[in-house]
Protein chains: 2
Amino acid sequence: MMKRNTIQRAMVLDAVNKLKCHATADEVYQIVVNEHPNISKGTVYRNLNQLAEMGEIRKIEVPGNADRFDHRCHDHYHARCLKCGKVFDVEMEYIQNLEKQIKDSHGFQFSGHDLMFKGVCPNCQKKEK
Amino acid sequence: MMKRNTIQRAMVLDAVNKLKCHATADEVYQIVVNEHPNISKGTVYRNLNQLAEMGEIRKIEVPGNADRFDHRCHDHYHARCLKCGKVFDVEMEYIQNLEKQIKDSHGFQFSGHDLMFKGVCPNCQKKEK
DNA sequence: TCCTTATTGATAACCTTTACTATTAAGTAA
DNA sequence: TTACTTAATAGTAAAGGTTATCAATAAGGA
């Protein structure tokens with residue numbers, strides 16, 4: 001069960017890097033389908049998840065909305081607008097070893113954490129007026 | 001547009017309190033449908049969200065899995081098992097004003113944060129062997 | 001060049017949640 | 001109590017994002 005290199009996976013990776021930040025699977029698909037019109041959406045999903053497992057890209061799961069995919073960079077946190085659902089990067093020090101602040105793990109094996117701030121983005125604040 | 005008290009909402013609230021922690025909408029529905037066999041699932045969803053808005057219960061959004069509903073208690077964090085999807089309480093000090101650690105808000109209006117640890121629960125660790 | 005099988009394209013299915021709509025019933029006022 | 005207004009309900013369909021299925025294709029090694 002060895003991993004094969006396909007042009008589809010290369011194109012998906014390219015598209016994520018081109019979109020830079022917080023692209024949805026559908027946005028990636030729209031880019032890729034331009035050059036490779038008969039690519040399947042399932043292929044895009046499969047490769048996005050594979051690339052995330054391989055550590056080439058980052059997967060940001062957003063409850064209620066579509067998951068986002070980032071080009072791989074440093075660990076960082078996100079903020080989600082409760083009005084429009086968009087996801088933004090947050091400029092804040094990443095908390096290493098946050099797991100150590102847990103008093104009793106009860107045998108749970110921790111492997112990381114997600115921190116998502118909530119609020120209203122500047123754009124949606126304008127609209128409210 | 002005033003809010004009316006219905007037996008359905010009371011039953012939904014009762015069920016969440018009975019289940020104590022991290023109940024899914026479907027689990028709540030299963031409890032309620034016992035006593036009130038013709039209740040609609042839509043009614044359960046509608047009331048769970050209303051109760052969450054009213055602050056009577058807490059809604060925990062879980063990406064990929066069904067949302068969970070807690071009886072109202074103190075702010076706390078959660079851990080999700082990557083194998084079985086179950087959600088657990090984490091014994092750790094809640095970080096008040098975590099938003100103040102953000103260097104530049106870029107006009108974003110923060111209203112809170114969710115912190116979700118990831119890992120493998122004791123039960124799923126056993127199964128792996 | 002052949003062979004094995006991982007990957008693809010196309011489509012259906014999945015699962016949670018929301019939308020729709022005629023009907024029911026909660027609260028208010030007569 | 002009775003009548004009235006309309007919020008809430010039951011039942012169902014549909015949305016939305018993602019995964020499953022499977023025959024056909026093609027990547028990489030022999």
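Naming convention: chains lettered A, B, ... in sequence-line order (proteins, then strands); numbering from 1 in each chain.
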A:Ile39 or B:Asp26, whichever maps to the more 5' nucleotide of DNA chain C: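 Of the two residues, A:Ile39 wins.
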DNA chain C: 5'-proximal contact among B:Gln8 and B:Gly64 (nearest heavy atom): B:Gly64
[X] vs [N]: side-chain N/O to OP1/OP2 distance below 4.0 Å:
X       : N      : result
B:Thr6  : D:dT9  : yes
A:Tyr45 : D:dT18 : yes
B:Asn65 : C:dC15 : no
B:Asn49 : C:dT18 : yes
B:Arg46 : D:dA8  : no
B:Arg9  : D:dA8  : yes
A:Gln50 : C:dA6  : no

Taking [atom1] from [X] and [atom2] from [N], how many angstroms apart are they, rounded to a whole number?
X       : N      : atom1 : atom2 : result
B:Asn47 : D:dA7  : CG    : P     : 15 Å
A:Met54 : C:dT7  : CE    : C1'   : 14 Å
A:Tyr29 : C:dG9  : OH    : C1'   : 10 Å
A:Asn38 : C:dT8  : CG    : P     : 12 Å
B:Met2  : D:dC4  : CE    : P     : 20 Å
B:Glu27 : C:dT16 : CD    : P     : 10 Å
A:Leu48 : C:dT7  : CG    : P     : 15 Å
B:Lys41 : D:dA15 : NZ    : P     : 19 Å

Sugar-phosphate only, base, or nothing, as touched by B:Asn5 at under 4.0 Å among non-hydrogen atoms: sugar-phosphate
Base C:dT5 to side chain A:Arg4, donor-acceptor N/O within 3.5 Å cut-off: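 Counting by modelled atom types and ignoring angles, a donor-acceptor contact under 3.5 Å is found here.
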B:Glu91 and A:His106 side chains, donor-acceptor separation under 3.5 Å: yes
Exercise: do A:His76 and A:Asp89 side chains pair donor with acceptor under 3.5 Å: yes
Ring-face cation contact, A:Tyr29 with A:Lys41, 6.0 Å cut, 45° max: yes
Nearest-nucleotide pick for A:His36, side chain only, options being C:dT16, C:dG9, D:dA10: C:dG9
Aromatic ring pairing A:Tyr94/A:Tyr77, orientation class (parallel under 30°, perpendicular over 60°, tilted between):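 Geometry flag for A:Tyr77 against A:Tyr94: parallel rings.
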Cluster overlap B:Ile102 with A:Ile95, hydrophobic side-chain contacts below 4.5 Å: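 In one cluster: yes.
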